> 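To start, I am sharing the structure in question, which I have written as structure tokens.
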Number of protein chains: 2
Amino acid sequence: MRNRENLIPVYYRLAEDIKHQIESGVLKDGNILPTEAQLGEQYAISRMTVRQGIALLAEAGLIETVKGKGSFVTRLRLNQLVIDLKNNGTGKEKLHYKLIGVNLIRNNLELARELGFSGETNVIMVKRLLVKENLPVAIEEKFLRYQKGKPLLETQLEYADFPELVAKHQDSVPVRNDMAISVSVLSAEQAKLLEADEMLPALVVKQVIYAKEDISLGVSIMVCHKDRFELTATSYPLSGRL
Amino acid sequence: MRNRENLIPVYYRLAEDIKHQIESGVLKDGNILPTEAQLGEQYAISRMTVRQGIALLAEAGLIETVKGKGSFVTRLRLNQLVIDLKNNGTGKEKLHYKLIGVNLIRNNLELARELGFSGETNVIMVKRLLVKENLPVAIEEKFLRYQKGKPLLETQLEYADFPELVAKHQDSVPVRNDMAISVSVLSAEQAKLLEADEMLPALVVKQVIYAKEDISLGVSIMVCHKDRFELTATSYPLSGRL
DNA sequence: CAGTGGTCTAGACCACCTG
DNA sequence: AGGTGGTCTAGACCACTGA
């Protein structure tokens, strides 16, 4: 059964059929799917093509396959949410970045150790303000390993997001980004920058970018105005494309 | 080149080889990979097997393939972080759940509309306290569509996490979970439950569970003590299994 | 036009699970 | 032992890209 008249691939149709059966409750959590051979017969397609469809469903988290047993419907992993740092902040309005300052902090072992920058005691600190419609939204402080011969370009400082900035500045390849979300209150200095009251509660987002083998490449701390910034996440991307 | 002596599949070795080339900087962002035919020749394997390895890399977000052109190294999507609601909270210590109350709120159109429960005006509200080592960590309020003949069992109320609870209580299949993270201050009542001071800043995590076609099935609001709860996320799961 | 990735086949052998 | 999914092959045709 080659893919004639209709442009969408057969394995994709198979995957969608099963997906709809799951979402409508025909196939329930824990149910076993027909075997790959059976599905191949039903759809009159070869087993490898069936497997391609099965793989899509497994990737989306709708089913799990167990060697020697079969494929089983699983509850979607709705406990895993994806937070997309782009399209995040406060609505669709464009954010502007206002550079406050760039410092090279030399030989501060204390700081370097705190940032996890083993073997490097010179730290670059970048501080900038996120502005939306002339209203300050958050303060960003970024700490980077000093890297000889890799200057920070003006344009990078103004526009690049954090993982991108690290990638541009480092020879090492960033492979992981860890995030911690917590709550604080604004200091006098922070309140002034954000044009808000001191002691106002604030959302604090800390990121650490790692190269392979857990080598820390950079740390970013965002202090966000509580009424002008909201973090959102959704489970959807994990089960996307189907 | 069948898979002899070594137990790991060939396509997996291929994927790991390329992964290491990317992580060590041999292959850089934007570089094109050898064609599938070339890789097949290099590794002395068939093209379908090469494609299996390529698919792994694409799934992990390390490369992107473009029809008619080739496969290209991409920067990892470190802007997408995954929040895993299990293993989240405050360390590895086990959380206990203390049920505060269950209410059936009848014919409250205002509330039902606010929750997005179209066509259903009866709402079940579950309130419970998250406790760690005898210290209250967060207050949870869950709102569920009333569903005839689907009682909430004691055990579910005590242990089930929110998406699971919704799945158990509803006939509809949950397919999406949206989350919003914001900041608030404790009310007098909340402060009392959390054994904390009134007006203390608090992390607020709101979740909405949907069935297909954006039908809202349930809403959960967690108010977390700022010093006893921290949300963490990592980019790792998206690029996992390699 | 030649080259690329995307789809698909009809086989094969294997490792794993269950009765 | 018989059934399942996991791996792999050696072909084939297609749609898309670029020169």
Side-chain angles (χ1 to χ4, degrees), chain A residues 1-19 21-22 27 30-74 240-242, chain B residues 1-19 21-22 27 30-74 240-242:
Chain A
M1 177 179 172
R2 268 284 171 63
N3 174 32
R4 310 191 202 284
E5 70 250 28
N6 32 353
L7 305 113
I8 57 174
V10 191
Y11 72 87
Y12 193 86
R13 290 191 75 82
L14 168 81
E16 282 213 313
D17 278 3
I18 295 175
K19 180 201 173 200
Q21 285 179 43
I22 293 173
L27 283 168
N31 285 174
I32 187 169
L33 295 191
T35 70
E36 295 176 351
Q38 285 170 352
L39 285 172
E41 218 172 322
Q42 282 177 35
Y43 286 79
I45 57 182
S46 88
R47 190 178 151 227
M48 281 304 285
T49 306
V50 171
R51 281 181 62 73
Q52 223 172 327
I54 296 282
L56 265 188
L57 292 163
E59 198 184 327
L62 290 167
I63 66 168
E64 275 173 17
T65 69
V66 184
K67 186 197 280 203
K69 297 179 78 175
S71 295
F72 302 85
V73 178
T74 60
R241 286 186 307 295
L242 246 175
Chain B
M1 176 178 167
R2 266 291 170 59
N3 173 32
R4 312 189 200 285
E5 68 249 28
N6 31 353
L7 305 112
I8 57 173
V10 191
Y11 71 87
Y12 192 87
R13 290 190 77 82
L14 168 79
E16 282 213 313
D17 279 3
I18 295 176
K19 180 200 173 199
Q21 286 179 42
I22 292 173
L27 282 168
N31 285 174
I32 188 168
L33 294 191
T35 69
E36 295 176 352
Q38 286 170 352
L39 285 172
E41 219 172 320
Q42 282 177 34
Y43 286 79
I45 57 182
S46 87
R47 188 175 154 230
M48 281 305 286
T49 307
V50 172
R51 281 181 61 73
Q52 222 172 327
I54 296 282
L56 265 189
L57 292 163
E59 198 184 328
L62 290 167
I63 66 168
E64 275 172 16
T65 69
V66 183
K67 186 197 282 204
K69 297 179 77 173
S71 294
F72 301 86
V73 179
T74 60
R241 287 187 306 294
L242 244 175

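A quick note: this is a predicted structure, and the numbers were derived from the prediction, not measured. Below, chains carry the letters A, B, ... as their sequence lines are ordered, and counting in each starts from 1.
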> Would you say B:Arg51 reaches C:dG6's phosphate, i.e. side-chain N/O to OP1/OP2 under 4.0 Å?
yes
> Can you find a pair of side-chain heavy atoms, one from B:Tyr43 and one from B:Thr49, that are under 4.5 Å apart?
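Counting from C-beta outward, B:Tyr43 and B:Thr49 never come under 4.5 Å.
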> Just the rounded figure in Å: distance from C1' of C:dG5 to CD1 of B:Ile63.
11 Å
> Quick one: list whatever passes side chain to side chain contact (heavy atoms under 4.5 Å, CB included) with B:Glu36, sequence neighbours left out.
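Result, side chain to side chain contact (heavy atoms under 4.5 Å, CB included) vs B:Glu36: B:Arg47, B:Val50, B:Arg51.
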> Which nucleotide in the set D:dT7, C:dC8, D:dT9 lies at the smallest distance from any side-chain heavy atom of B:Thr49?
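The closest nucleotide is D:dT9.
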> In chain order, what residues pass the side chain to side chain contact (heavy atoms under 4.5 Å, CB included) check against A:Lys67, with sequence neighbours excluded?
none
> Take atom CD1 of A:Ile45 and atom P of D:dA12, then tell me their distance rounded to the nearest Å.
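Those two atoms, CD1 and P, are 22 Å apart.
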> If I take atom CZ in residue A:Arg13 and atom C1' in nucleotide C:dC8, what distance separates them, rounded to the nearest angstrom?
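Answer to the nearest Å: 16 Å.
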> Within this structure, what is the OH-to-P distance between A:Tyr43 and C:dT9, rounded to whole angstrom?
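Taking OH of A:Tyr43 and P of C:dT9, I get 14 Å after rounding.
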> Would you list the protein and nucleotides 15-17 of chain D atom pairs, both N or O, that sit under 3.5 Å from each other?
none

> Between B:Arg47 and A:Arg47, who's closer to the 5' end of DNA chain C by nearest nucleotide?
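It is B:Arg47 whose nearest nucleotide is closer to the 5' end.
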> Nearest whole angstrom, please: distance from the C1' of C:dA15 to the CD1 of B:Ile8.
16 Å
> B:Glu41 CD to C:dT4 P: how many Å, rounded?
11 Å
> Is any side-chain nitrogen or oxygen of B:Ser46 closer than 4.0 Å to OP1 or OP2 of D:dT9?
yes
> If you only use heavy atoms from C-beta on, which nucleotide in D:dG5, D:dC8, C:dC8 is closest to the side chain of B:Met48?
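The answer is C:dC8.
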> Could you state the CD1-C1' distance from B:Ile32 to C:dG3, rounded to the nearest angstrom?
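Spelled out: CD1 on B:Ile32 to C1' on C:dG3 is 11 Å.
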> Does a nitrogen or oxygen in the side chain of A:Tyr11 sit under 4.0 Å from OP1 or OP2 of C:dC8?
no
> Check this one for me: any side-chain N or O of B:Gln52 less than 4.0 Å away from OP1 or OP2 of D:dC8?
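So the side-chain polar atoms of B:Gln52 never come under 4.0 Å of the phosphate oxygens OP1 or OP2 of D:dC8.
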> So, using side chain to side chain contact (heavy atoms under 4.5 Å, CB included) as the criterion, who are the partners of B:Thr35 when residues are at least two apart?
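So B:Thr35 forms a side chain to side chain contact (heavy atoms under 4.5 Å, CB included) with B:Ala37, B:Gln38.
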> Can you name the residues that form a salt bridge (charged side-chain N to carboxylate O under 4.0 Å, His left out) with A:Glu16, not counting sequence neighbours?
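Not a single residue meets the salt bridge (charged side-chain N to carboxylate O under 4.0 Å, His left out) criterion with A:Glu16.
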> Can you tell me the distance, in whole Å, between the CG atom of B:Leu56 and the C1' atom of D:dT7?
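Nearest whole value for this atom pair: 13 Å.
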> Listed by chain and number, what are the side chain to side chain contact (heavy atoms under 4.5 Å, CB included) partners of B:Gln21, not counting sequence neighbours?
B:Val26, B:Leu27
> State the CG-CD1 distance between A:Asn31 and A:Ile22, to the nearest 0.5 angstrom.
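Taking CG in A:Asn31 and CD1 in A:Ile22, the distance rounds to 9.0 Å.
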